[in-house]
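Here is the structure we will look at, set down as structure tokens.
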Amino acid sequence: MTQELAPRLDPKAIEGPRYAAWQEGGYFGVSPTAVTEDGREPYVIVIPPPNVTAALHMGHGLNNTVQDVLIRWRRMQGRATLWVPGTDHAGIATQNVVERQLAAAGCHRDDLGREKFVERVWDFVGKTGGTILEQLKAIGASCDWDRTRFTLDEELARAVREVFVSLYERELIYRGEYIINWCPRCLTALSNEEAEGHETAGHLWHLRYPLAESAYEGAAAAAAAGAEAIGQLPDGRWYLTVSTTRPETMLGDTGVAVYPGDDRYKPLVGADVYVPLTGRTIPIVADRHVDPEFGSGMVKVTPAHDKNDFEIAGRTGLELLDVMTPEAAMNDAVPEAFRGLDRFEARKAVLKALEDEGLLAGTEDHTHSVPHCYRCDTIVEPRLSEQWFVRMKPLAEPALAASKDGTINFTPPHWKKVYEHWMENIQDWCISRQLWWGHRIPVWYCPCGEIIVDREDPTACPSCGSGELKQDEDVLDTWFSSQLWPFSVFGWPEQTDDLAAFYPGHTLVTAPEILFFWVARMIMMGYEFQGEAPFTEVYLHGTVRDIQGRKMSKSLGNGIDPLGVVEAYGADAMRFTIISQCAIGTDISLDHEDVESSFANGRNFANKIWNAGRFALMSIGDDPVQPVDALRDSLLAEDRWILSRLARAAEESTSQLERFRLHEVAEGLYHFFWDEICAWYLELVKGRLGPDADPASREAARSTLVAVLDGAFRLLHPIVPFVTAELWSKLPWPEGSERPEDLIIAPWPSDLDGWIDEGAEADLGAFQNLVVEVRRLRKEYGIGEGQRIGIHLTGGSNGFIEAMQAQGPALEQLARVNALEPSAGSGVGGNAILSNGAELFIPLEGVIDLEQERTRLRGEIDKVAGVLTGAQKRLQNEKFVSNAPAEVVAKARENAAQLEQQKAKLEEKLAGLGE
RNA sequence: GGGCGCUUAGCUCAGCUUGGUUAGAGCACCUGCCUUACAAGCAGGGGGUCGCAGGUUCGAGUCCUGCAGCGCCCA
């Protein structure tokens, strides 16, 4: 199997073919019988379906890499592992894209009509809709592509229909006229979650409303009682003052409200007020919603254009007066001068007119949260409208309980509180959208007034028999279908084998932004329709940001194209870089202006793996390799050491993966591979792999190397699947054992405790200590790396010197030491004390300046002395000795003793150098 | 207004759940090496009063309280 491998990893040469081979091998898919018949434990993730029109961005890169790491790990653990891919029809977003295309061609959706327009969207989706899924393949996502779903598929439409009808039958869906969030550009209702509040610098205007003459007496009394909102105009009319951030809505005012217990205004409750500019009069009412402490304690009430005002009207019987068109222009209910004006034009006009009449009391700057459409960023207008709603409180109960009792876990844990807070204060969900692209609301209206909601399309009215039925024009909120994703993808409402095998799933991986949009609703629907939660672990990863901390986005132009990264550095490089930054609860930050340095770490590591593998494969050669267990007795200390380190790396990786601590997995394996395998083990065995080496030692090294690389590739595979699989496939295989078909299904390393070897770890630690000290002294005295030196070594633990002598070739390789004398040595030279107390002396007659060595030693002594003083102080503290655990005290004593010895020996060395 | 989080090296961040070696990493920086696996590399090095002020404790980057600055979510 010896073959020439390129000295540099060429990701393009290996990634495409590897991925194709995995697909052909069918490793991504799993049959339900693996669970229902073979009894394997399932592990299921459903993908957060990206918008069907989306192009892959770094956020997807992060989200899907995390999922793939978990999926690949669980697959290797032998679970019946399934990752279901798919896309979301994304109602508003997709419709907007196609409308923009139409607009570019000078056309509007109304020109086409509903049917043609929807056809056109399907056409668009059919042509470009699969793009993002193809892109996921480039980053290595091991989804079961045969199960790809789309939220608008016929099969999923059946689930939507069943859920709607079922909830309607139980009165959990209802229709009603309420204030909803309305986007005047998209011309549709939005849910509360879809109306995003942005802090906006605006104004608070104070308006004067003249009182009816009959109220003057009360006004005078109120003014006398200290009501600051009441005053008299120069012409003697009494007025009251109200404040608003949206003056144009005053045209729709139908009342003024005060707090019922507010004594200042008591005489005025029931009195009439003129709405300026309109000639209308409206009553003053009392309502508990008004905060007497806020502003003047009097508020204008615009029931058709404000949610709170709508509620006040409901309690007090005030009229509803809608003064805007769907496009948020003023309608015919307002005075002629304002008709047809856009809301912001109307605002200016109203203010001007009020000022002219002396009714504008003042203006102040005011920063407040203004709701914007989450799709087009237009300012949302609260609007009175008839819509369909889901009654959320009953649905939320089990979903809230699941968090409280720990059935569902959140990582990081603080999201638990956020989730529960939202669930406890949940509001009804407006689900109808005035769009054409989406699941049509399955409701028909008969001219006789009958409303038909059924699982099958009705042909005639069950009440009057009329065939003149008209289906509701609206579609459902996109999230209404995506909330069913964890079971709709398995064919529910049919009781399919897939559903039996793969519901519920296990882990949900997503960004916190859609905790309420999606995660919470999936949990509610899971309980409502399957009787249990759709997953038990919710892992919320961070956001991808640029180095200024701004979220990466198309509009800011600060994005990085994951495919560009894959193209330039490979999928492994991208995956490793992302995962190594993926600490719990933190965002990922990448520099879009220096993509190379952002991904250098991952690229370099992938290349390092490649090169280590390349070297090992060349060194091991083609001869048969024995299983390492068969050679246990001939293993040398470094063999036992690296196997021990492998066992610890496996244990550590597993426990960190279980806790979603992905960055620690990446970091731990990075150091295991780079520092321990490459920097130490490979260097140590180089001499043992050559043709002149002792055969037993050579076989031990070859077997160990195969075992260690096999284990390391398995551990690294979930994070960097391509380079590991490529090298693993070329690795010689120990005789007598069966080789798994592919690394992707090779068993995850576990139960390696038998390889843990504390003695070997201590021995290698001492060896490393020696090498590092020699290197430091060499550097200190400028002894070039080409020059070999002899060293003197005495003391240390039992057998230490002999062990180091046995490492002759390794010492030469690693520290350029060609002779080791087991004596103290004498004369001019460099000195060091190892942590095991051994004394190192490097004769450097004529090379070094005595004074330089004295200064250096004094520095060393000072350093050790500083630490020693701290340690001694602690031990002298009686309270420490008596209160701290015995173990801690013993350790401190040991440590202090060691430091003391080190310091004494250094001082001795210094003294030996004379003045 | 309510809730949540963050502040550790020049930069980006780990470490805090469960307090106990001389606080770590990557990138950047400085010095020396093209040593036949790897210059996308190797060897060595500099750099931190862990936001501030208190408290608990034998012991605090870690736990508690307050403050300051920054950010997110909900209203």
Side-chain angles (χ1 to χ4, degrees), chain A residues 5-9 192-193 196-197 291 294 307-308 368-369 371 412-418 420-422 425 427 512-513 515-516 543 545 547 549 551 569 573 577 580-591 594 596-619 659 661 663-664 666-668 670-671 674 678-679 682-683 686 771-772 775-780 782-786 813-816 835 863-864 866-868 870-871 873-885 887-889 891-892 894-896 898-899:
Chain A
L5 298 183
R8 254 191 205 188
L9 170 62
N192 296 336
E193 292 70 35
E196 293 182 340
D291 178 1
F294 187 78
K307 191 160 177 276
N308 289 323
H368 59 133
S369 178
H414 79 259
W415 289 107
K416 177 186 169 78
K417 288 183 224 163
V418 178
E420 290 175 5
H421 183 258
W422 190 73
N425 297 286
Q427 300 190 350
E513 288 101 276
L515 185 60
F516 308 137
T543 304
R545 300 181 182 279
I547 46 170
K551 189 172 169 173
Y569 313 116
T577 299
S580 66
Q581 283 198 46
C582 206
I584 288 179
T586 62
D587 292 338
I588 306 280
S589 73
L590 297 165
D591 186 352
D594 189 355
E596 170 153 358
S597 83
S598 285
F599 291 91
N601 184 229
R603 178 198 59 179
N604 295 356
F605 185 47
N607 191 54
K608 186 73 181 179
I609 296 170
W610 176 257
N611 258 296
R614 169 173 171 259
F615 168 69
L617 291 173
M618 287 188 311
S619 309
R659 299 157 66 210
R661 304 181 76 96
H663 102 276
E664 297 198 41
E667 202 169 294
Y670 178 93
H671 286 112
W674 200 311
C678 295
L682 289 183
E683 297 298 336
K686 264 179 186 169
V771 170
V772 167
R775 283 173 177 169
R776 273 178 54 193
L777 286 171
R778 294 181 62 113
K779 276 278 177 195
E780 183 74 27
I783 301 164
E785 286 166 36
Q813 177 82 16
L814 291 164
R816 310 272 139 185
S835 54
K863 215 163 123 190
V864 174
V867 182
L868 179 61
K873 227 168 135 184
R874 204 146 69 113
L875 286 164
Q876 280 156 10
N877 182 345
E878 244 175 70
K879 287 179 178 170
F880 169 69
V881 177
S882 54
N883 289 338
E887 205 184 283
V888 173
V889 177
K891 215 169 169 186
E894 200 182 313
N895 189 238
Q898 201 180 59
L899 288 165

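First the proteins, then the strands, lettered A, B, ... as listed; each starts at 1.
- The shortest side-chain heavy-atom distance between A:W674 and A:I609 does not fall under the 4.5 Å cut-off.
- Side-chain proximity of A:N611 to the nucleotides B:U22, B:A43, B:A37 is greatest for B:A37.
- Nearest-nucleotide mapping onto RNA chain B: of A:E196 and A:P7, the residue sitting toward the 5' end is A:P7.
- Rounded to whole Å, the C1' atom of B:U21 lies 16 Å from the corresponding atom of B:A60.
- Between B:C38, B:C73, B:G45, one nucleotide has an atom nearer to the side chain of A:F516 than all others, and that is B:C73.
- Atom pair A:N308:CG and B:G1:P shows a separation of 18 Å (rounding to whole Å applied).
- The two atoms that bring A:N611 and A:P7 nearest to each other are ND2-O, 2.9 Å, heavy atoms only.
- Taking atom CG of A:N425 as the reference point, atom C1' of B:C4 lies 14 Å away to the nearest angstrom.
- What you find for A:H663 and A:Q581 is that their closest heavy atoms are CB-C, 4.2 Å.
- The side chain of A:K686 places an N or O atom within less than 4.0 Å of a non-bridging phosphate oxygen (OP1 or OP2) of B:A37.
- At least one side-chain heavy atom of A:R778 sits under 4.5 Å from a side-chain heavy atom of A:R816.
- B:A75 and B:G15 are spaced 36 Å apart, taking the C1' atom of each and rounding to whole Å.
- Contact annotation: A:W674 reaches the phosphate of B:C42 (side-chain N/O to OP1 or OP2, under 4.0 Å).
- When all heavy atoms are compared, the tightest approach of A:V889 to A:V881 is CG2-O, 3.9 Å.
- Rounded to a whole angstrom, the distance from the P atom of B:C30 to that of B:G10 is 16 Å.
- At the heavy-atom level, A:L515 lies nowhere under 4.0 Å from the strands shown.
- Distance A:F615 CZ to B:C42 P: 14 Å, rounded to the nearest Å.
- Between B:U17 and B:C70, the distance separating the two C1' atoms is 25 Å to the nearest Å.
- For A:K608 against B:A40, a side-chain-to-base donor-acceptor contact under 3.5 Å is absent.
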Close N/O contacts between protein and nucleotides 57-61 of chain B (under 3.5 Å):
{"unit_1": "B:C58", "atom_1": "OP1", "unit_2": "A:N883", "atom_2": "ND2", "d": "3.4"}
{"unit_1": "B:C58", "atom_1": "O2'", "unit_2": "A:N877", "atom_2": "ND2", "d": "2.7"}

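- Side-chain atoms of A:V772 lie closest to B:G44 of the nucleotides B:U35, B:G44, B:A37.
- Summarising the geometry of A:F599 relative to A:A573, their closest heavy-atom pair is CD2-O, 4.3 Å, with the distance given to 0.1 Å.
- In this structure, A:E887 atom CD and B:U21 atom P are separated by 12 Å, rounded to whole Å.
- A:T577 has its side chain out of reach of A:F605: every pair of non-hydrogen atoms, C-beta onward, lies at least 4.5 Å apart.
- Here, B:C58 and B:G51 have their C1' atoms 28 Å apart, quoted to the whole Å.
- Comparing B:C73 with B:C64, their P atoms sit 26 Å apart, to the nearest whole Å.
- Minimum heavy-atom separation, A:L899 to A:L868: CB-CD1, 3.7 Å.
- Applying the salt bridge (Lys or Arg N to Asp or Glu O under 4.0 Å) criterion to A:R776, with sequence neighbours excluded, gives A:E773, A:E860.
- Not counting sequence neighbours, the partners of A:K779 by the salt bridge (Lys or Arg N to Asp or Glu O under 4.0 Å) test are A:E785.
- Counting non-hydrogen atoms under 4.0 angstrom, A:E683 reaches a base of the nucleic acid.
- Counting only heavy atoms from C-beta outward, the side chains of A:L9 and A:R614 never approach each other to under 4.5 Å.
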What would the secondary structure line of RNA chain B be in dot-bracket form, counting Watson-Crick and G-U wobble pairs under 3.5 Å, with [ ] for pairs that cross earlier ones and | for pairs with another strand? (((((((..((((......[...)))).(((((.......))))).....(((((..]....)))))))))))).
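- Following rounding to the nearest Å, A:Q813 (CD) and B:C42 (C1') show an atom-to-atom distance of 12 Å.
- A:E664 is linked by a side-chain hydrogen bond (donor to acceptor under 3.5 Å, both in side chains) to A:Q656, A:R661, counting only residues two or more places apart in sequence or in another chain.
- Between the CZ atom of A:F605 and the P atom of B:G41 there is a distance of 12 Å, given to the nearest Å.
- The phosphate of B:A40 (OP1 or OP2) has a side-chain N or O of A:R8 nearer than 4.0 angstrom.
- Comparing B:A40, B:U22, B:U17 by their closest approach to the side chain of A:L899 singles out B:U22.
- Two residues are said to be in side-chain contact when any heavy atoms from C-beta on lie closer than 4.5 Å; A:S580 and A:Y670 fail this criterion.
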Nucleotides 23-30 of chain B: which of its N/O atoms have a protein N/O under 3.5 Å away?
none

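- Listed nucleotides: B:A40, B:G41, B:G44. Nearest to the side chain of A:N607: B:A40.
- A sub-4.0 Å separation between OP1 or OP2 of B:G45 and a side-chain N or O of A:R776 is present.
- Atom P of nucleotide B:U35 and atom CZ of A:R775 are separated by 16 Å, given to the nearest angstrom.
- Taking atom CZ on A:R614 and atom P on B:A40, their separation rounds to 14 Å, with Å as the unit.
- Nearest-nucleotide positions on RNA chain B for A:L9 and A:V888 put A:V888 closer to the 5' end.
- Annotation: B:C29 and B:C72 have their P atoms spaced 32 Å apart (nearest Å).
- Distances from the side chain of A:R661 to the nucleotides B:U22, B:G15, B:A40 place B:G15 closest.
- Taking the C1' atoms as reference points, B:G24 lies 32 Å from B:C34, given to the whole Å.
- Here the nucleotide nearest the side chain of A:E664, chosen from B:C38, B:G15, B:G32, is B:G15.
- Of the charged side-chain nitrogens involved, none lies within less than 4.0 Å of a carboxylate oxygen, so that A:E887 and A:K891 do not count as a salt-bridged pair.
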